[in-house]
Amino acid sequence: GAASLPFRIREVMRPRQLQVLAGDGASPVYAIDIIDPPRVQRLRTRLEYPQYTGLEPRVAEDTGDIHAPAGTWVDFEIEASKALSEAAIVTDDSLRLPAAISGSTARARLRLTRSGSYHLALTDPEGVGNRDPIRYVLQVLADSPPEVTLVEPGRDMDLPENARVVLVADARDDYGVAAVALRYRIGDGPETAVRIPVAAGRQVHAVFPWDLSALDLLPEDLVRYRIEVTDNDLVTGPQTAVSAQYVLRFPSLQELYTEATAAQQEQLGGLEELVESGRDTGQKLEKLRRQLLRDQE
């Protein structure tokens with residue numbers, strides 16, 4: 001006896017025809033059409049790395065996961081299954097980056113600054129959006145700090161008589177060493193930095209002839225020194241690393257005197273050996289001369 005009868009057709013998955021029959025009455029036949037939502041048919045990404053990394057741009061097809069250093073620009077090219085009216089890159093922190101639309105193609109650009117995830121939001125002209133979009137990974141690759149080793153002398157030692165020491169250091173960084181410096185202090189005095197000229201690169205071999213004669217050192221002075229390297233990370237900020245610290249010691253007056261005396265004694269000993277050797281040589285020559293006089297041939 002009701003004038004209105006509600007009825008629900010659940011989960012329509014394919015086109016259908018619909019007609020209502022009531023007693024000897026029949027409604028017109030209606031069509032239920034299925035509108036396919038837009039979907040991603042092809043995804044192309046181009047990664048433009050920060051200049052300091054020295055990495056060439058990389059293009060990837062059909063893989064939306066992004067693993068790159070901070071500051072990398074990511075260009076997206078999305079080919080949809082149908083014409084689009086809207087498209088956007090949506091990150092997990094609710095940042096929505098609109099894309100430029102041309103028919104079924106959408107393009108967008110994102111600068112990678114933090115790790116997280118994102119998905120592609122597509123809408124067709126009928127206002128139908130893509131269902132259950134795939135979530136892709138955004139991962140910022142950490143820029144590791146540089147490493148440095150002071151190879152030579154690589155130990156504590158007394159300052160040589162000529163006050164010159166050759167320093168040899170090896171340094172490396174995943175994207176490049178930008179600067180190398182010698183840092184030293186005399187006793188408890190202020191620290192001084194001296195830049196060591198090197199060619200920037202992922203692996204650096206630095207050789208520095210260090211002349212300490214101009215430092216006006218006094219006997220028993222201690223010079224503590226180390227090598228510091230800096231990488232070329234211009235996005236999150238340069239990172240530094242330092243080598244182990246070593247000590248150069250200016251010998252005392254007593255030690256200098258003892259060393260000079262020992263050197264003098266060593267020289268005198270050498271002279272005595274030379275004189276003795278000369279005597280032996282003279283005796284052998286005299287013996288040979290006499291033998292030749294006896295032997296005319």
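Since the model is a prediction, treat every value here as computed from it, not as a measurement.
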Flag the pair [X] / [Y] as yes when at least one side-chain heavy-atom distance between them is below 4.5 Å, and no otherwise.
X: Val204; Y: Val229; answer: no
X: Arg39; Y: Asn130; answer: no
X: Trp210; Y: Val194; answer: no

task = State which residues pass side-chain contact (heavy atoms from CB on, under 4.5 Å) with Gln245; sequence neighbours excluded, sorted by chain then number.
result = Arg224, Arg226
inquiry  = Go through it in stages, so that I can follow the logic: the residues are Gln19 and Ser27, the test is side chain to side chain contact (heavy atoms under 4.5 Å, CB included), and I'd like the CA-CA distance, side-chain angles, deciding distance and then a yes or no.
reply    = CA-CA 6 Å; Gln19 185 181 34; Ser27 74; 3.6 Å; yes
Kindly check if the number of other-residue, nucleotide or ligand heavy atoms within 6.0 Å of [atom1] ([X]) is above 12?
X: Glu79; atom1: CD; result: yes
X: Ile35; atom1: CD1; result: no
X: Arg135; atom1: CZ; result: yes
X: Leu95; atom1: CG; result: yes
X: Asp132; atom1: CG; result: no
X: Arg202; atom1: CZ; result: yes
X: Asp188; atom1: CG; result: no

query = What is the minimum heavy-atom distance between Pro38 and Leu84, and which atoms define it?
reply =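 Closest approach of Pro38 to Leu84, heavy atoms only: CB-CD2, 3.8 Å.
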query = Gly64 and Tyr136: which non-hydrogen atoms are nearest, and at how many Å?
reply =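 Shortest heavy-atom separation between Gly64 and Tyr136 comes out as CA-CD2, 3.4 Å.
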request  = Show the numbers, then the answer: is there a salt bridge (charged side-chain N to carboxylate O under 4.0 Å, His left out) between Glu77 and Arg42?
outcome  = CA-CA 8 Å; Glu77 183 178 304; Arg42 184 176 68 89; 2.8 Å; yes
ask   = Would Leu110 and Leu138 satisfy side chain to side chain contact (heavy atoms under 4.5 Å, CB included), going step by step from the backbone distance to the final call?
value = CA-CA 11 Å; Leu110 171 71; Leu138 290 174; 4.2 Å; yes
Please output the side-chain donor-acceptor pairs of residues 141-151 that fall under 3.5 Å, not counting sequence neighbours, one pair per line with the distance.
from	atom 1	to	atom 2	distance (Å)
Glu147	OE1	Arg172	NE	3.1
Glu147	OE1	Arg172	NH2	3.1

Does any N or O in the side chain of [X] come within less than 3.5 Å of the main-chain N or O of [Y], such that one atom is a donor and the other an acceptor?
X: Asn232; Y: Ala178; value: no
X: Thr230; Y: Ala179; value: no
X: Ser85; Y: Thr123; value: yes

message = Once you measure the plane-to-plane angle for Tyr246 and Tyr225, does it fall in the parallel (<30°), tilted (30-60°) or perpendicular (>60°) bin?
response = tilted
Residue list, salt bridge (charged side-chain N to carboxylate O under 4.0 Å, His left out) with Glu126, at least two apart or on another chain =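 For Glu126 there are no salt bridge (charged side-chain N to carboxylate O under 4.0 Å, His left out) partners, ignoring immediate neighbours.
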inquiry  = For Arg46, is there an ion pair with Glu48 - N to carboxylate O distance below 4.0 angstrom?
reply    = yes
ask   = Under the ring pair (Phe, Tyr, Trp, His ring centres under 6.0 Å) criterion, do Phe76 and Tyr118 qualify, and how do the steps go?
value = CA-CA 12 Å; Phe76 297 89; Tyr118 74 96; 5.4 Å; yes
task = Decide side chain to side chain contact (heavy atoms under 4.5 Å, CB included) for Val223 and Leu159; before the verdict, give the C-alpha distance in whole Å, the side-chain angles of both, and the deciding distance to 0.1 Å.
result = CA-CA 9 Å; Val223 180; Leu159 186 67; over 6 Å; no
